[in-house]
Amino acid sequence: MNNHLVIMAGGVGSRFWPMSTPERPKQFIDVLGCGRTLLQLTYDRFKGLVPDENVWVVTSAVYGDMVAEQLPMIPKKNILLEPCRRNTAPCIAYVSWRIKAQDPYANMVVTPSDHVVMDVPEFRRVIESALSFTLESDAIVTLGMKPSRPETGYGYIQADLSSASVRNNEIFRVDSFREKPDVATAKRYIQQNNYFWNAGIFIWSVSTIVNAFRVYQPAISEPFESLLKVYGTDGEQEAINQVYADCPSISVDYAIMEKAEEIFVHPADFGWSDLGTWGSLHEKSHKDLYNNVLIGGDIKVYETHNCIIHCTEEKRVVVQGLDGVIVAEKDDTLLICRLEEEQRIRTFSE
């Protein structure tokens with residue numbers, strides 16, 4: 001009952017244009033065509049590991065109603081609203097002190113809301129393993145994804161694999177965090193077995209993360225600690241609105257992870273992706289014999305290869321003779337472009 005889940009859902013990205021927009025970012029849409037949004041799938045992965053009353057969502061004030069609509073099973077008071085964007089460190093600090101006020105013995109998982117996991121049973125096993133580890137220690141654990149390619153879009157974790165933790169032989173100390181590399185550096189990383197993608201999923205006890213903020217980020221910790229008597233009252237939102245904008249805008253990686261000493265990594269391989277592009281969705285989705293991904297109820301393809309076609313509205317879609325192309329529709333907008341050109345097309349659409 002002391003396990004808590006924190007879902008960070010404040011992103012405003014529109015990478016899956018035309019489906020996603022700043023008004024309805026990708027975490028709130030059914031990217032996979034499975035009837036569940038990415039936010040709902042994130043919640044689903046933790047069923048049975050964390051009770052609903054211990055599920056927290058931190059999001060922008062403009063998205064609060066969408067969170068409540070998509071996750072009606074969690075208490076409304078557990079949807080924490082950021083009055084402005086300040087990156088992940090203030091977001092995590094806020095929810096950590098909020099949880100501490102309610103449950104000082106809490107053990108926490110912090111996860112983004114817009115990632116995908118293909119092997120959910122293995123994901124749950126890894127999370128349980130990490131939660132057991134942090135329950136009995138002052139450690140901070142991050143999950144490291146086994147790299148499958150020289151990816152330049154992810155940060156990397158360099159692990160010391162020479163000896164595992166005494167209490168868990170799957171968990172190792174972190175040597176360093178590495179920035180997103182160039183292609184040559186990424187190729188060098190994956191030739192070694194001790195570099196992992198940084199998935200941005202963290203496990204720690206509430207006392208551990210609160211103490212880390214006190215030591216390494218007093219400018220962030222002090223305003224949230226000063227509100228301990230306000231959390232859970234009618235005055236909470238107004239108080240947060242007053243202090244939030246004064247927090248430095250910094251990621252938890254820079255603020256805490258690269259400074260703290262007891263940092264560990266749990267290597268994992270459960271089919272993870274941050275779904276940053278149509279290309280990454282193509283990679284992670286089920287494909288037909290011709291390497292096409294078809295997401296929608298009535299799509300027919302002929303002489304078509306290596307495409308992703310996402311048309312979930314009530315229209316019949318027939319495609320012939322395409323290779324390596326994105327076809328996606330939403331409302332009154334239709335996107336047709338080559339997979340390798342999606343970044344340029346996204347720029348045109350903004």
Side-chain angles (χ1 to χ4, degrees), residues 5-8 11 13 15 26-27 31-32 38-39 41-42 44-46 49 88 92 108-134 139-161 164-165 168-183 185-204 251-254 256-258 263-286:
L5 168 63
V6 173
I7 303 175
M8 297 182 291
R15 289 175 173 178
K26 68 171 180 171
Q27 64 266 31
V31 174
L32 301 179
L38 293 179
L39 173 64
L41 290 173
T42 301
D44 292 346
R45 289 196 286 273
F46 289 89
L49 297 180
T88 55
I92 290 171
M108 298 167 54
V109 182
V110 179
T111 180
S113 60
D114 55 358
H115 294 181
V116 66
V117 167
M118 306 308 292
D119 187 346
V120 174
E122 174 63 8
F123 172 84
R124 292 167 61 86
R125 187 194 70 79
V126 169
I127 293 295
E128 287 185 297
S129 171
L131 282 169
S132 296
F133 186 78
T134 58
I140 291 175
V141 176
T142 183
L143 300 191
M145 302 298 103
K146 183 178 179 181
S148 59
R149 61 184 184 276
E151 176 61 58
T152 60
Y154 299 151
Y156 285 72
I157 301 166
Q158 182 185 15
D160 178 5
L161 300 184
S165 167
N168 188 319
N169 62 11
E170 292 186 280
I171 293 179
F172 303 84
R173 284 193 176 273
V174 171
D175 271 346
S176 65
F177 291 90
R178 302 298 179 93
E179 298 293 328
K180 296 175 182 179
D182 57 25
V183 174
T185 304
K187 288 181 178 178
R188 188 173 75 250
Y189 286 169
I190 67 169
Q191 289 172 354
Q192 306 174 54
N193 69 343
N194 66 324
Y195 282 86
F196 303 91
W197 290 335
N198 187 352
I201 301 173
F202 310 107
I203 302 94
W204 46 51
S251 72
V252 73
D253 298 87
Y254 287 127
I256 302 296
M257 304 300 287
E258 295 187 4
I263 304 292
F264 294 81
V265 60
H266 193 312
D269 186 8
F270 42 67
W272 169 89
S273 173
D274 73 346
L275 286 189
T277 62
W278 284 107
S280 63
L281 178 58
H282 181 271
E283 178 190 351
K284 287 298 179 183
S285 300
H286 174 75

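- Between Tyr189 and Glu151, every side-chain heavy-atom pair lies at or beyond the 4.5 Å cut-off.
- When side chains are defined from C-beta on, Met145 does not count as touching Tyr154, because their heavy atoms never get closer than 4.5 Å.
- Put simply, CG on Asp44 and CG on Leu38 are 11.0 Å apart, with the number rounded to the nearest 0.5 Å.
- Here salt bridge (charged side-chain N to carboxylate O under 4.0 Å, His left out) pairs that include residues 265-278, with residues two or more places apart or in two chains, number zero.
- No side-chain heavy atom of Phe172 sits less than 4.5 Å from a side-chain heavy atom of Phe264.
- The CD atom of Gln191 sits 9.0 Å away from the NZ atom of Lys187 when rounded to the nearest 0.5 Å.
- Of the inter-residue distances, the one linking Glu258 atom CD with Ser176 atom OG reads 9.0 Å to the nearest 0.5 angstrom.
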task = Decide yes or no on side chain to side chain contact (heavy atoms under 4.5 Å, CB included) for Ile263 and Met257, but give the supporting numbers first.
result = CA-CA 7 Å; Ile263 304 292; Met257 304 300 287; 4.1 Å; yes
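- Taken from OG in Ser132 to CD1 in Ile203, the straight-line distance is 11.0 Å, to the nearest 0.5 Å.
- Applying the side chain to side chain donor-acceptor pair (under 3.5 Å) rule to Asp182 yields the partners Thr185; only residues at least two apart in sequence or on another chain are considered.
- Taking CG of Leu275 as the reference point, atom CG of Leu32 lies at 6.5 Å (rounded to 0.5 Å).
- One N or O on the side chain of Thr134 and one on the backbone of Leu131 form a donor-acceptor pair closer than 3.5 Å.
- Taking 4.0 Å as the cut-off between side-chain N and carboxylate O, Arg125 and Glu128 do not count as a salt-bridged pair.
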query = Is there a side chain to side chain contact (heavy atoms under 4.5 Å, CB included) between Val265 and Asn198 once you walk through the steps?
reply = CA-CA 9 Å; Val265 60; Asn198 187 352; over 6 Å; no
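- For the pair Gln27 (side chain) and Gly11 (backbone), a donor-acceptor distance under 3.5 Å is present.
- Residues Trp204 and Ile92 are in side-chain contact: their nearest non-hydrogen atoms beyond the backbone lie under 4.5 Å apart.
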Quiz: residues 108-117 side-chain donor-acceptor pairs under 3.5 angstrom, not counting sequence neighbours:
from	atom 1	to	atom 2	distance (Å)
Ser113	OG	Met8	O	3.0
His115	ND1	Trp272	NE1	3.1

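- Residues Arg124 and Phe270 form no side-chain contact, since every pair of their non-hydrogen atoms from C-beta on lies 4.5 Å or further apart.
- Distance alone, capped at 3.5 Å, places no donor-acceptor pair between the Asn194 side chain and the Gln158 backbone.
- Residues satisfying the side chain to side chain donor-acceptor pair (under 3.5 Å) test with Ser251, not counting sequence neighbours, are none.
- With a 4.5 Å cut-off on side-chain heavy atoms, Phe202 and Thr142 count as touching.
- Considering all non-hydrogen atoms of both residues, Val141 and Ala130 come closest at CG1-CB, 4.2 Å.
- Thr152 has its side chain out of reach of Lys180: every pair of non-hydrogen atoms, C-beta onward, lies at least 4.5 Å apart.
- Annotation for Phe177: atom CZ counts as buried by contact number, over 12 foreign heavy atoms lying within 6.0 Å.
- Considering only residues two or more places apart in sequence or on other chains, Phe196 meets the ring pair (Phe, Tyr, Trp, His ring centres under 6.0 Å) condition with none of them.
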query = Between Ile157 and Leu143, does a side chain to side chain contact (heavy atoms under 4.5 Å, CB included) hold up when you go through it step by step?
reply = CA-CA 9 Å; Ile157 301 166; Leu143 300 191; over 6 Å; no
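- For Phe46, the ring pair (Phe, Tyr, Trp, His ring centres under 6.0 Å) partners two or more places apart in sequence, or in a different chain, are Phe123.
- One N or O on the side chain of Thr88 and one on the backbone of Val252 form a donor-acceptor pair closer than 3.5 Å.
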ask   = For Phe133 and His266, what are the C-alpha separation, side-chain angles and deciding distance, and is it a side chain to side chain contact (heavy atoms under 4.5 Å, CB included)?
value = CA-CA 10 Å; Phe133 186 78; His266 193 312; over 6 Å; no
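- Between Glu283 and Ser273, every side-chain heavy-atom pair lies at or beyond the 4.5 Å cut-off.
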